[in-house]
Every structure is written in structure tokens, then in C-alpha cells.
Amino acid sequence: QVQLVESGGGLVQPGGSLRLSCAASGIVFRLYGMGWYRRAPGKQRELVAVISSGGSTNYADSVKGRFTISRDNAKNTVYLQMNNLKPEDTAVYYCNAKRYVVEYWGQGTQVTVSS
């Protein structure tokens, strides 16, 4: 059974930082591209950042320079370091694992940026 379990969300003030983690099980983690997506209230889900099985990364323009995605294949975990958070980053953040046409989603973790 495939599981993607996110953690690290919470409430943070503008300008603060959070690190999200996504622990994967049930897949050969190193073969999967991993990503973080988010859904803000009243909006569609959007890509935040992805990292390929080879380590290449891509970011949404809105988070470039502030967020960093990384992976640890030994721990089957992908991370999202989020710095200089803004109120518009408030959303539920979802972990995604994808290989060819097969993909899996986590349950999501809430990030709220507010003073």
C-alpha cells in the first residue's frame, strides 16, 4: 500500500519559515519524481515545486528564491523549505509522487501565514 505522509505545516507569521516533509512508503522512492502542490481557499490546486528522480528541480514563479525542494532517497522523504512566507502562501500543501502515468497523493498539510 502506497502512503505519502506530509508533516511540518502550521501557523507562521509573515516573513517566517517552515519546512514540510513527505515520507513515502510502498514505492521505490528513488524512481519517482516528487512534487509539492497547494490549494488555497477558493482556488485550484497549483504546482509549487517538483524534483525529478535525478534531482532536477522546477518551481512556480511565485515561490522562486523563497522555497527549496530537496529529497533524501535514503529516507524516502522529500522536503520543502519555505522561507520569507507571505499571506498568499496560505494553503493546503500536498505531496505528489509520479512515475510515467502512475501518481500518488498525500492527504495534505495546512500552512497558514498570518500575523
Approximate separation, where rounding is to 0.5 Å, of Gln3 CD and Cys22 SG: 10.5 Å
Single-linkage hydrophobic cluster, 4.5 Å side-chain cutoff, Val5 and Tyr79 together: no
Side chain proximity check, Val113 to Gln13, heavy atoms < 4.5 angstrom: no
Shared hydrophobic cluster for Leu18 and Val78 (ILVMFWY, side-chain gaps under 4.5 Å): yes
From CZ (Phe67) to CD (Gln81), nearest 0.5 Å: 9.5 Å
N-O pairing of Glu46 and Arg39 below 4.0 Å: no
Straight-line distance of Asn84 CG to Ser17 OG, nearest 0.5 Å: 8.0 Å
Main-chain N/O of Glu6 paired to Gln107 side chain as donor or acceptor, under 3.5 Å: no
Verify same cluster id: Val2, Trp36 (apolar side-chain graph, 4.5 Å): yes
Option among Leu80, Asn58, Ile69, Leu20 that satisfies the side-chain contact (heavy atoms from CB on, under 4.5 Å) test with Val48: Leu80
Test item: Thr77 side-chain N/O and Asp72 main-chain N/O as donor-acceptor pair under 3.5 Å: no
Heavy-atom check, side chain of Ser114 versus side chain of Thr90, under 4.5 Å: no
Test log, rule side chain to side chain contact (heavy atoms under 4.5 Å, CB included), inputs Val111 and Met82: CA-CA 10 Å; Val111 172; Met82 306 186 293; 3.9 Å; yes
N-O pairing of Asp89 and Lys86 below 4.0 Å: no
Nearest-0.5 Å distance that lies between atom OG in Ser53 and atom CG in Leu31: 7.0 Å
Closest non-hydrogen atom pair, Ser115 against Pro14: N-CD, 3.7 Å
Within 6.0 Å of CZ in Arg30, more than 12 heavy atoms from elsewhere: no
Value rounded to 0.5 Å, distance of CG in Asn96 from CG in Leu47: 9.0 Å
cation_pi(Arg71, Phe29) dist<6.0 Å, angle<=45: yes
Over 12 foreign heavy atoms within 6.0 Å of CD, Gln110: yes
Aromatic plane relationship, Tyr37 with Trp105 - under 30° parallel, 30 to 60° tilted, over 60° perpendicular: perpendicular
Path from Met34 to Val102 over hydrophobic side-chain contacts below 4.5 Å: yes
Distance, nearest 0.5 Å, that separates OG of Ser52 from NZ of Lys98: 13.0 Å
Joint cluster assignment, Tyr93 & Tyr59, ILVMFWY side-chain distance < 4.5 Å: yes
